[in-house]
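Okay, structure first, notes after.
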Amino acid sequence: MKTIFSKNSFLGLRTIGLIFLAILLMVCDRYVPVFSAVKSALLSIVAPIQYVVSKPITVLDSVISNIESNRRLLKENEELRAQQLFLQTRVQKLLMLEQENSKLRGLVNFISPRQERFLIAQLLAINVDDLSQKIVLDKGRQDEIYIGQPVLDAYGLIGQVILTSFNTSVVLMLTDSKSAIPVQVVRNGVRSIVVGTGSASSLELIHVQETVDIKRGDILVTSSLGGRFPDGYPIGIVTKVERGAGEHFMKILVTPSAHINQTRQVLLTWPVKTVANKVKLDHKDKQPKK
Amino acid sequence: MTFSHPRSNWIIVATLLLSLVLMILPLPSGVGWFRPQWVLLVLIYWFLALPNRVDLFVAWSSGLVLDVLQNNALGEHALVFTVVAYFVLRFQTRINFFPFWQKTAVILGFILLNTILQFWLERMLGNPVISGWYWLSVVSTLLFWPWVEILLYHWQRRFNVR
């Protein structure tokens with residue numbers, strides 16, 4: 001029973017209209033910064049779908065783990081206690097070192113940094129996208145998560161937050177091909193940039209010239225260049241250094257320290273501002289002593 | 001004058017939601033490439049079955065929701081689904097009368113259109129798909145088409161979606 005103006009009239013025109021609208025959205029998404037607020041609102045709306053998928057899986061996980069044998073739990077408990085004792089003694093030493101450090105900084109008129117703030121977040125058990133390495137956390141803007149915030153697990157840096165909604169956030173892992181993080185070598189302070197390759201087990205150091213001193217087994221940590229990441233968080237260990245004949249740059253592969261794809265909980269940090277700015281102000285205030 | 005059947009709308013929305021849920025279901029790392037494009041299949045089915053009710057805008061908005069869920073460029077799937085929807089809706093009357101193999105071939109054509117468009121768009125947006133496994137989703141999507149068709153037909157009959 002089709003009327004004169006059936007719903008599918010002007011099909012071609014409406015298609016072109018909708019295509020144009022979609023292209024407009026893509027352009028806005030890329031080039032208009034305020035658009036991330038829209039995206040964030042949309043993400044808040046679809047969050048129930050993500051929770052619907054994630055909840056049963058996490059509940060199933062906890063049910064299965066409830067059925068574990070008593071003996072195994074006792075053994076695990078013992079191991080954890082021993083590890084905790086060991087870690088506590090190290091923390092004592094660390095506290096002492098921190099105190100000494102701030103005294104030394106005080107002597108040279110540095111302002112000692114405040115304690116960093118941490119928050120634990122759980123991963124939602126969903127695949128964001130099969131083509132990219134991203135994860136979704138169950139904390140969002142209501143927990144003061146911000147875009148660009150570093151995300152760690154117990155062993156190293158996992159990535160940074162790229163989108164927040166009210167109660168979830170999306171994290172781009174450092175193994176994704178669009179991720180680039182400034183790093184430095186612990187041994188000699190050489191700085192470089194590490195990018196993801198899409199594979200969960202290797203990262204690549206880019207634009208490292210032949211003359212630079214980097215070798216296999218070097219430990220890489222975040223450098224605070226760029227102000228994004230606090231320095232000192234482990235990134236990975238260099239596993240392969242190739243010097244191609246006639247190539248300008250070496251090909252260096254790095255294995256990430258963080259247990260990518262195995263974590264269920266991550267840490268979010270609020271890094272303190274770098275002290276460099278504060279030192280500049282001090283110099284301005286100081287009058288030359290004569 | 002056709003008046004809308006609210007329950008029919010709910011059934012269609014429910015099937016679309018189910019397909020979205022299936023798209024973000026976590027799969028073990030290697031298997032991810034085999035994931036069929038559930039949303040595409042469900043959309044194609046409804047276009048063929050109820051072209052007057054399920055139209056372009058449904059395709060566009062499903063694509064948008066998928067984009068938000070998958071954190072793609074906003075509008076990417078909206079664009080691709082709209083284009084596929086145009087072709088399905090245009091030839092809808094003819095396709096429904098095709099014999100089985102011909103229909104399957106046409107569906108393969110639509111799936112290929114979807115995959116190629118998405119590949120091209122991702123490349124234009126600056127994240128080219130490097131792995132060859134990407135094209136495996138064409139095969140897996142096609143393999144699941146008969147199941148989707150049978151299941152949705154069964155539901156359509158059962159809940160009298162018109």
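Residue numbers start from 1 in every chain, and the chains themselves are labelled A, B, ... in the order their sequence lines are given, proteins ahead of strands.
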Identify the heavy atoms of [X] and [Y] that sit nearest to each other, and give their distance.
X     : Y     : answer
B/V65 : A/I49 : CG1-CD1, 4.5 Å
A/D29 : B/L74 : OD2-N, 3.1 Å
A/Q50 : B/I24 : CA-CD1, 4.0 Å

What part of B/D67 is in contact with chain A, defined as an atom under 4.5 angstrom from a non-hydrogen atom: side chain, backbone, both or neither?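 The answer is neither part of B/D67.
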Side chain, backbone, both or neither of B/W33 within contact of chain A (heavy atoms, under 4.5 Å):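 For B/W33, the contact with chain A is made by the side chain alone.
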Could you tell me whether [X] atom [atom1] has more than 12 heavy atoms of other residues or ligands within 6.0 Å of it?
X      : atom1 : result
A/F166 : CZ    : no
B/W135 : CH2   : yes
A/F20  : CZ    : no
B/Y134 : OH    : yes
A/Y31  : OH    : no
B/R90  : CZ    : no
B/Y153 : OH    : no

When heavy-atom pairs shorter than 4.5 Å are enumerated against chain B, which of [options] gives the highest number?
options              : value
A/L25, A/L163, A/I57 : A/L25
A/V38, A/V53, A/V170 : A/V53
A/L43, A/I16, A/V27  : A/L43

Below 4.5 Å from any heavy atom of chain B, which atoms of A/T15 appear? Answer side chain, backbone, both or neither.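 Looking at A/T15, backbone and side chain both touch chain B.
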Non-hydrogen atoms of chain B under 4.5 Å away: do they reach the side chain of A/F35, the backbone, both or neither?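 The answer is the side chain of A/F35.
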Between B/L121, B/L17, B/L69, B/L64, which has the largest tally of heavy atom pairs under 4.5 Å with chain A?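 The residue among B/L121, B/L17, B/L69, B/L64 with the greatest pair count is B/L69.
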Just one of B/F57, B/Y86, B/F81 clears the side-chain contact (heavy atoms from CB on, under 4.5 Å) bar with A/L18, so which one?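 Of all the options given, the one that passes is B/F57.
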Using atom types as modelled and distance alone, determine if a side-chain donor or acceptor of A/R30 lies under 3.5 Å from a backbone N or O of B/L125.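 Yes, A/R30 side chain to B/L125 backbone: donor-acceptor pair under 3.5 Å.
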Is there a side-chain contact between A/I162 and B/N71 (heavy atoms, below 4.5 Å)?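 Touching, per the 4.5 Å side-chain cut-off.
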